[in-house]
Amino acid sequence: MSQQTEFFGNGQMCEPEVIVPVLVPVAVAGAYSYKVPADMDVRPGSIVRVPLGPREVIGAVWDGEPDTKVNPKRLKSILHVYDTPPIAEDLRKYIDWVAAWTLGAPGMVLRMVLRSEEALEPEALLSGVRYIDGMQPDRMTPARSKVMELVENGMAWTRPGLAGAAGVSSSVIDGLKKQGVLEEAMLPATPPLPDPDPTLPGRKLTDLQEGAANQLCEAIGKGFKAFLIDGVTGSGKTEVYFEAVAEALKNNEQALVLIPEIALTNQFLDRFEQRFGVRPAEWHSQVPPKRRARTWRGVANGEVKVVVGARSALFLPFHRLGLLVVDEEHDTAYKQDDRVPYNARDMAVVRGHISGFPVVLASATPSVESQVNAKLGRYTKIVLPVRASGAEMPTIKGIDMRCDGPERGKWLAPALVNEIQETLTNGNQVLLFLNRRGYAPLTLCRTCGHRFHCENCSAWLVEHRFKGKLVCHHCGYSQPVPDKCPECSKPDTLVACGPGVERIAEDVSALFPEARVLVLSSDLPGGTERINREMKLVETGEVDIVIGTQLVAKGHNFPLMTLVGVVDADLGLANGDPRAAERTFQLLAQVTGRAGRIHGKGRGLLQTYNPDQPVIKALLSGNPEEFYAAEIESRENAGLPPFGRLAALIVSGADRSLTEKFSKTLAVNSPSSEGVQILGPAEAAMALVRGRYRFRLLAIAPRSVDLQGFLRNWLSAAPKPTGGIRVQVDVDPQSFM
DNA sequence: AGCACGCCGACT
DNA sequence: GTCGGCGTGCTC
């Protein structure tokens, strides 16, 4: 029984109870209400522990009035206020904005901010040892005297630290402790990392880079402004925005750099260290909990100056953030699909807008919506059209496979083979790019025409000859390659159709038996470590021909690589994805951009059946603007909503079978002639939210149909699955800011 | 009867 | 997101 009720019971006067809204990690629309104990002091943003049902959770006191509709007798009290800076007002606003935008619960967005529970408690002390003044061991040995020298001044050491510094094993320390020479001591938390030094000289910038850097630096400390750095591979975008980071540091502000993949962090940290003398703090899912907690605290109290991280770093409680950079802004890894679905690139711009600092998006192949935003004047575009090294961009040529293709059963056109030969003769490296793992994407029976499908998802099974398996690239199902057809039982009748990287390797080995060939794809046994090792080999020139999937499109630099051959430039262009053209353009531009990056004179060769396709044409002309213009026009012609509006909407849920069933019904009943759902402007999302349904479907359609009405009817007639609704809106939020 | 599992609603 | 309650269906 709480003190307050006792007061009431005694019939005494008492202060009115203070009730505050508290955001809890529950998928509900708003905050819950809690009582504040008389001796407790909270304000909006205070991070608190509260009872919730049978358990205790971490939440935050929120803005606004507490919910009055709830029975006051049911209100529980806040248990504890954490001794950590309250969530600042701008971050609270941001959390509410993201929740509203993603149609998610604000409490779930808050959860992303409070992801490190450990961070809320003060850092635990480390156990170690200290010299007890005046004590001596019974017998002095060389090892012991080394230790004694170090501890004599009374400083506390961790056991491994002391053993390492003295060059002895830790059993020496244990021995001294047993003898009462050393005593157990608690060490203060690990000292903070030294600050990055913005005054170090850094790499010499070209005039162009310097101009760009100045533009960014001028914006530091002057409120929100969004930039799009559109710079070709090798143009030195990183060096340019490093100057902006330096400027923010000089301005006594923090900086956050988002990168799309954890795999690229190490390289990035090295480059950062070269410029700033120390490594920045790292933030992603693989950072161990202790270090995570330390970084979280450091970010919150302002001790950590620069963070480099994955998309989740966007929700760190920065003390004074002054710059946000989104590197490789077009990368789809910025999209989170589960829980709160968001695109970190867009939410970065929103965060800058709300908190009032500049945001820099950088890419060699910007997303179409960022190009449009630049065109509309929302972003200031900075173009870096040439490489910082002075090396020329590769010349890109097409090979028309309809007339200049290879003989049947081969995959490399004679023109490409000649170029490979020439490149090898000159002692340079070749990259053959094919975004398809395995040996062959389809296996069929020559006799009865049977095709191997996946049992679960009906996709074709991809043959992996090296493993001797047929694998489904959708769900991971695999089976051994049978020796006879399962349909007609005839032996030796199965044929592989089409190429994967393994099959290209077979061709290459036949054509260039002397060459050192390496196949790089994500299914390489040995995982990421192995891939990194192999990449190093390529870097140092120990490989002549690399055959790779999209894995080779980014990351390591290959100084000797002068020829990039794209085995199937049309691949991915006709897969029904509304972003197929954009993705293909980005991928091929990135991968051909690897040719001659350091020394210039690189060449790219695209094998294609569609030389007139806008993507291919733009790549061949070397003018990306051509692609963007064509893509924007074609989307408009296709009746897709204008940019900044809803382009696709995904309602997602856990129940797969239900999802599929519903998508089918929806497709059949759709009022659109193509059997697709309609996506009008963003309000369609709102119509959906009013239902309480759970399934996943992708909806794209002309705007002429009444989607809202249709979906509302359809949803009310459909059987009622349980759970909440999640909506991913693949829209550019700039239009709503 | 006893319990494993999945579904569903409540949580201030 | 997480928990407890409860119904279904299977086993000792």
Side-chain angles (χ1 to χ4, degrees), chain A residues 1-5 16-38 40 42-82 87 92 95-96 98-100 102-120 285 289 292 312 315 336-342 651-662 689-696 715 718-728:
Chain A
M1 195 178 272
S2 76
Q3 267 191 324
Q4 275 98 339
T5 30
E17 281 174 333
V18 181
I19 297 166
V20 292
V22 175
L23 221 49
V24 287
V26 173
V28 292
Y32 278 171
S33 305
Y34 283 88
K35 291 190 285 194
V36 184
M40 189 183 275
V42 295
R43 52 193 170 106
S46 295
I47 299 170
V48 295
R49 195 168 68 236
V50 292
L52 180 69
R55 64 212 160 103
E56 290 176 8
V57 296
I58 297 168
V61 176
W62 219 239
D63 306 88
E65 293 304 311
D67 183 3
T68 48
K69 285 193 285 290
V70 60
N71 182 350
K73 284 196 182 119
R74 289 178 61 201
L75 292 183
K76 296 178 183 173
S77 291
I78 294 173
L79 298 166
H80 176 70
V81 187
Y82 287 96
I87 296 173
R92 299 202 301 275
I95 290 169
D96 282 335
V98 173
T102 60
L103 304 168
M108 297 321 268
V109 182
L110 173 71
R111 204 170 159 268
M112 301 198 287
V113 175
L114 303 176
R115 270 235 296 240
S116 175
E117 195 170 324
E118 232 177 312
L120 301 175
S285 56
R292 250 172 124 66
S312 56
F315 294 91
Q336 170 153 56
D337 269 343
D338 57 343
R339 293 182 213 118
V340 180
Y342 67 95
V651 186
S652 65
D655 194 328
R656 265 262 206 86
S657 59
L658 215 58
T659 299
E660 269 163 37
K661 202 178 95 195
F662 279 18
V689 188
R690 295 196 184 104
R692 289 193 135 267
Y693 299 89
R694 184 202 244 189
F695 52 91
R696 166 183 280 259
L715 287 170
K720 188 177 172 250
T722 57
I725 192 164
R726 287 201 201 127
V727 182
Q728 177 181 321

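Reminder, nothing fancy here: chain letters follow the sequence lines and each chain counts from 1. Because the structure is predicted, anything quoted here is derived from the model rather than measured.
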Fill in the blank from the handout: note: A:L52, atom CG; C:dG1, atom C1'; distance rounded to Å ~ 9 Å
Handout entry: Whole-Å distance separating the NZ atom of A:K69 from the C1' atom of B:dA10
Key = 17 Å
Practice task
Taking the side chain as every heavy atom from C-beta outward, state whether A:Y34 and A:L79 have any pair of such atoms under 4.5 Å apart.
Solution key: no
Handout entry: Separation of atom CD in A:E56 from atom C1' in B:dC11, rounded to whole Å
Key = 14 Å
Problem - Sub-4.5 Å side-chain heavy-atom contact between A:V50 and A:K76 - result: no
Fill in the blank from the handout: Out of B:dT12, C:dG1, C:dG4, minimum distance to the side chain of A:R111 belongs to C:dG1
Show every donor-acceptor pair shorter than 3.5 Å between a side-chain atom in residues 55-68 of chain A and any protein atom, with sequence neighbours excluded, or say none if there are none.
unit_1: A:E56; atom_1: OE1; unit_2: A:R49; atom_2: NE; d: 3.1
unit_1: A:W62; atom_1: NE1; unit_2: A:D96; atom_2: OD1; d: 3.1
unit_1: A:W62; atom_1: NE1; unit_2: A:D96; atom_2: OD2; d: 3.1
unit_1: A:D63; atom_1: OD1; unit_2: A:R92; atom_2: NE; d: 2.8
unit_1: A:D63; atom_1: OD2; unit_2: A:R92; atom_2: NE; d: 3.2
unit_1: A:D63; atom_1: OD2; unit_2: A:R92; atom_2: NH2; d: 2.8
unit_1: A:D67; atom_1: OD1; unit_2: A:K69; atom_2: N; d: 3.0

Practice task
In whole angstrom, give the distance that lies between atom CE of A:M108 and atom P of C:dG1.
Solution key: 5 Å
Enumerate, atom names and distances included, each donor-acceptor pair closer than 3.5 Å involving a side-chain atom of residues 18-25 of chain A, sequence neighbours excluded.
none

Exercise for the section: Please determine if a side-chain N or O atom of A:R55 lies less than 4.0 Å away from the OP1 or OP2 oxygen of C:dG4. Expected result: no
Practice task
Can you tell me the distance, in whole Å, between the OH atom of A:Y32 and the C1' atom of C:dT2?
Solution key: 12 Å
Fill in the blank from the handout: Here the distance between atom P of B:dT12 and atom CD of A:E17, to the nearest Å, is 16 Å
Exercise for the section: Would you mind reading off the distance between A:L23 atom CG and C:dG1 atom P, rounded to a whole angstrom? Expected result: 15 Å
Exercise for the section: May I have the distance from A:L79 (atom CG) to B:dT12 (atom P), rounded to whole angstrom? Expected result: 12 Å
